[in-house]
Amino acid sequence: MIAFALHGGAGAKAGRDYGREITHMKGLAKIARHNLHNGARALDVVTETVRSLEDSGLYVAGKGASPNAASVFELDASLMSGADRRAGAVAALAGYRNPVAIARAVMEKTPHVLLAGDGARQFAEAQGFETVTDDYFTRAGAFESNYPPGTLAHGTVGCVCLDSYGDLAAATSTAGVFGKLPGRVGDTPIIGAGTWADDHAAISCTGQGEYFLRVQAAAQVAFRIGAGQGAFESAGQVLEQIARMGGEGGLIVVTRSGEVHAPFRSAGMKRAWFSGDGDIVSEAF
C-alpha cells in the first residue's frame with residue numbers, strides 16, 4: 001500500500017484561477033506515485049516533493065517567499081521520519097535556496113533537530129548548499145484570501161507519504177507570514193506543531209502558525225489517531241480548536257493504512273493526493 005498528499009498552502013482566494021498550481025501539484029503526485037511503485041522511500045519522496053514545491057515559485061515557500069518587515073527573506077522548514085522519529089529543521093534561515101534540504105542535513109549530519117538564524121546559515125554554508133540573492137524570490141501569494149493588512153497572512157508547502165515498506169514521513173516548508181517581525185518563527189519548523197510522523201500517521205500543516213503552535217496541531221492529530229480515533233475526526237477536531245481561537249488553516253494527513261485526508265478551515269487550500277492506485281486528485285477549494 002502506498003499513499004501520498006501534498007499541499008501548497010491554505011488561503012486560496014475564491015474566484016482566482018489556480019489552474020497552473022493544480023496542474024503542477026498533480027504532476028508532482030504522478031512523479032511520487034511512479035517513484036513509490038519503484039521502491040522509493042517515504043522520506044526521500046517528501047523531501048524531493050517539497051524541494052520541487054520550493055523551486056516552483058508558485059507558493060509562499062522557497063523561491064515564492066516574501067520578505068519580513070526588515071525586507072529580509074527568512075525561510076523555515078522541517079521533516080520527520082516516522083519509522084525512527086528522526087527529525088531535522090531550520091528556522092529564520094536567510095540566503096539559501098532549499099531549506100527542506102538543509103533541514104534534512106541537520107537531521108542526518110548533526111546530533112540536533114533544529115538550527116535557527118545565523119547558526120542555520122553557518123551550517124548551510126559549511127555543507128555547501130546553494131545560496132541565492134533577493135532577486136531570486138518571486139513573492140508569491142500576495143493575492144491570497146488571507147492577505148488583508150493586520151492579519152497573519154501566510155503561505156506554506158508540505159508533503160506526507162506512506163511508502164511500500166509501510167513507513168511514513170512528512171515535510172513542510174514556508175516563508176512564514178507576510179511582513180513578519182525579524183526572527184519570527186511559526187509552526188513549520190517546530191516538530192509536533194507543523195510537522196509530525198510516527199508509526200500511525202504523517203501530518204503537515206498550513207495556516208496561521210501561531211495558532212498551530214498553541215495546540216501542537218500535527219502531533220495532536222497523530223496522537224489521537226494512535227489512540228484509536230479516526231483520522232478524519234482527529235484532523236477536524238484539531239482544526240476546530242484553531243478556529244475557535246480565531247485562527248485558520250488546514251493540514252494533510254496520511255495513515256499507516258493508506259487513508260488520506262486534506263481538511264481545511266479557510267477559504268481554500270491548494271492540495272493533491274492519492275491512495276494506492278486510486279485517482280490523483282488536485283484541487284484548490
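Index from 1, following the sequence.
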Min side-chain heavy-atom separation L251-V221 under 4.5 Å: yes

F4 six-ring centre to R33 NZ/CZ under 6.0 Å and within 45° of normal: no

Value rounded to 0.5 Å, distance of CD in E21 from NZ in K26: 15.5 Å

Between CG on residue N68 and CZ on residue R184, distance to nearest 0.5 Å: 11.0 Å

Joint hydrophobic cluster, I191 plus I102, side-chain heavy atoms closer than 4.5 Å: no

Check: D76 side chain, A92 main-chain N or O, donor-acceptor pair, under 3.5 Å: yes

Main-chain N/O of T188 paired with S78 side-chain donor or acceptor, under 3.5 Å: yes

A69 versus P182, closest heavy-atom pair with distance: CB-CD, 4.5 Å

Check against side chain to side chain donor-acceptor pair (under 3.5 Å), D55 and S52: CA-CA 5 Å; D55 286 345; S52 295; 5.9 Å; no

Path from Y96 to V132 over hydrophobic side-chain contacts below 4.5 Å: no

Hydrophobic cluster identity match, V157 and M269, side-chain contacts under 4.5 Å: no

D44-T47 side chain donor-acceptor pair, cut-off 3.5 Å: no

Residues R97, E130; criterion salt bridge (Lys or Arg N to Asp or Glu O under 4.0 Å); working and verdict: CA-CA 6 Å; R97 177 173 179 168; E130 183 179 353; 3.3 Å; yes

Audit row: N98, F129, side-chain contact (heavy atoms from CB on, under 4.5 Å) steps and yes/no: CA-CA 8 Å; N98 288 116; F129 283 100; over 6 Å; no

Validation row: V254, W273 side chains within 4.5 angstrom (heavy atoms): no

Any side-chain heavy-atom pair of D163 and V45 under 4.5 Å: no

All side-chain contact (heavy atoms from CB on, under 4.5 Å) counterparts of Q229, not counting sequence neighbours: R224, E233, S234, Q237

Connected via hydrophobic side-chain network under 4.5 Å: L36 and L53: yes

Any side-chain heavy-atom pair of V160 and L168 under 4.5 Å: no

Distance-only polar pair, side chains of Y59 and H24, donor-acceptor under 3.5 Å: yes

Closest heavy-atom pair and its distance - D187, G209: OD1-CA, 3.1 Å

Atom of F274, atom of I2 and distance for their closest heavy-atom approach: CE1-CD1, 4.0 Å

Criterion side-chain contact (heavy atoms from CB on, under 4.5 Å) on H34 and N38, from CA distance to verdict: CA-CA 6 Å; H34 171 81; N38 284 278; 3.4 Å; yes

Parallel, tilted or perpendicular, as decided by the 30° and 60° cut-offs, for the rings of F223 and W196: perpendicular

CZ on R85 to CE on M80, rounded to 0.5 Å: 5.5 Å

Any L43 side-chain heavy atom under 4.5 Å of R86 side chain: yes

Pair R256 + D167: basic N to acidic O under 4.0 Å: no

K63 NZ/CZ over F137 ring centroid, <6.0 Å and within 45° of normal: no

Approximate separation, where rounding is to 0.5 Å, of F212 CZ and T156 OG1: 8.5 Å

I203 vs C205 side-chain heavy atoms within contact, under 4.5 Å: yes

I225 versus A201, closest heavy-atom pair with distance: CD1-CB, 3.7 Å

Backbone of G95 reached by a side-chain donor or acceptor of Y136 within 3.5 Å: no

CA sep, side-chain torsions, deciding dist, call: R121, L93, side-chain contact (heavy atoms from CB on, under 4.5 Å): CA-CA 6 Å; R121 183 198 61 76; L93 172 68; 4.2 Å; yes

Y211 with V253, same ILVMFWY side-chain cluster at under 4.5 Å: yes

Derivation of the side-chain contact (heavy atoms from CB on, under 4.5 Å) call for R20 and L58: CA-CA 8 Å; R20 186 179 178 191; L58 295 173; 3.5 Å; yes

Check: Q220 and V215 side chains under 4.5 Å, non-hydrogen atoms: yes

Nearest-0.5 Å distance, CD1 of residue I252 to NE2 of residue H7: 4.5 Å

Pair R51 + E54, salt bridge at N-O below 4.0 Å: no

Ion pair E210/K180, N-O distance below 4.0 Å: no

Under-4.0 Å salt bridge between E248 and R265: no

Heavy-atom pair with the smallest gap, counting every atom of P189 and L114: O-CD1, 4.1 Å

V260 versus A3, closest heavy-atom pair with distance: CG2-CB, 3.8 Å

Result block: side-chain N/O donor-acceptor pairs under 3.5 angstrom for residues 278-285, not counting sequence neighbours:
unit_1	atom_1	unit_2	atom_2	d
S282	OG	I22	O	2.8
E283	OE1	R271	NH2	2.7

T255 side-chain N/O to E259 backbone N/O, donor-acceptor pair under 3.5 Å: yes

Cationic tip of R41 above Y165 ring, under 6.0 Å, 45° of axis: yes

Under 3.5 Å side-chain donor-acceptor pair for S204 and T172: yes

G258 backbone acceptor or donor facing S275 side chain under 3.5 Å: yes

Side-chain heavy-atom pair L6, M25 within 4.5 angstrom cut-off: yes

